[in-house]
Amino acid sequence: MRKVKLFNDDKLIYEGNLAVNTAFLRGRIYKNVEKFGSVYHFTIKLSNGKDEKTNEWRKPTYADCTAFGELGEQIHIHYCTGDEIFIIGKFYANKIEDKVYKGFNVREVIGLQNTEPQSQENKKAEESTEWTDEDLPF
């Protein structure tokens with residue numbers, strides 16, 4: 001198995017094994033994390049950068065993510081709409097009645113926020129806020 005190291009401003013932020021069908025995704029939570037029993041679902045808005053010719057932001061890509069158990073609970077507690085998140089996920093594609101569902105099962109969150117959990121009132125207030133590409137720092 002191969003090893004991978006991730007750096008942010010020359011500081012090592014992650015070191016681990018690189019498995020097959022594993023993706024490293026860094027983006028912003030598009031809508032608050034939803035809880036369905038012990039399953040947590042959220043979408044990450046991923047930047048595709050700026051067009052070199054027009055200097056305008058390209059349309060973002062959206063990645064559906066699912067987390068389970070304690071990891072999902074930690075994401076639900078510490079992240080809400082607009083927060084930056086850096087995850088390691090395993091890609092999945094399931095076909096049910098001629099419809100294909102694709103997404104990522106979250107295996108780990110790099111640098112899980114150690115801030116105080118946000119109150120439900122703050123989460124709901126932020127949930128109603130619409131985010132545009134101009135709000136992204138990249």
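The structure presented is a predicted model; accordingly, all values stated were derived computationally and were not measured. Note that the numbering runs from 1 along the sequence shown for the chain.
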Problem set entry | Exam field: side chain T81 to backbone N32, donor-acceptor pair closer than 3.5 Å | yes
For this session: Please report the C-alpha distance between F104 and I44 in whole Å, then the side-chain angles of each, then the deciding distance to 0.1 Å, and finally whether the side-chain contact (heavy atoms from CB on, under 4.5 Å) criterion is met.
Result: CA-CA 10 Å; F104 296 89; I44 299 178; over 6 Å; no
Seminar exercise, completed: dist F24:CZ -> R107:CZ (nearest 0.5 Å) comes out at 12.5 Å
For this session: Kindly give the heavy-atom pair with the smallest separation between A67 and G72, and that separation in Å.
Result: CB-CA, 3.6 Å
Problem set entry | Euclidean distance, K50 NZ relative to R58 CZ, rounded to 0.5 Å | 11.0 Å
For this session: Measure the NZ-OG1 distance between K45 and T61 for me, rounded to the nearest 0.5 Å.
Result: 11.0 Å
Seminar exercise, completed: Contacts of Q74 meeting side chain to side chain donor-acceptor pair (under 3.5 Å) (sequence neighbours excluded), chain-then-number -> E70, H78
Exercise. For N105, what residues pass the side chain to side chain donor-acceptor pair (under 3.5 Å) criterion, not counting sequence neighbours?
Worked result: none
For this session: For I75 and Y40, run side-chain contact (heavy atoms from CB on, under 4.5 Å): C-alpha distance rounded to whole Å, both residues' side-chain angles, the deciding distance at 0.1 Å, then the answer.
Result: CA-CA 8 Å; I75 294 169; Y40 299 83; over 6 Å; no
For this session: State the OG1-CG distance between T66 and L71, to the nearest 0.5 angstrom.
Result: 11.5 Å
Exercise. R28 side chain to G82 main-chain N or O, any donor-acceptor pair under 3.5 Å?
Worked result: yes
Exercise. Counting only heavy atoms not in K102, do more than 12 fall under 6.0 Å of its NZ?
Worked result: no
Exercise. If only atom types and distance count, is the side chain of H41 paired as donor or acceptor with the main-chain N or O of C65 below 3.5 Å?
Worked result: yes
Exercise. Any idea which heavy atoms bring Y79 and V109 closest together, and the distance?
Worked result: OH-CG1, 3.6 Å
Exercise. Between the main-chain N or O of I29 and the side-chain N or O of D83, is there a donor-acceptor pair closer than 3.5 Å?
Worked result: no
For this session: Verify the cluster assignment for I85 and F91: are they in a single hydrophobic cluster under the rule of side-chain heavy atoms below 4.5 Å apart?
Result: yes
Exercise. Within the side chain of D9, is there an N or O that forms a donor-acceptor pair under 3.5 Å with the backbone of K11?
Worked result: no
Seminar exercise, completed: dist T22:OG1 -> I88:CD1 (nearest 0.5 Å) comes out at 8.0 Å
Exercise. Do F42 and Y30 touch side chain to side chain, with heavy atoms closer than 4.5 Å?
Worked result: no
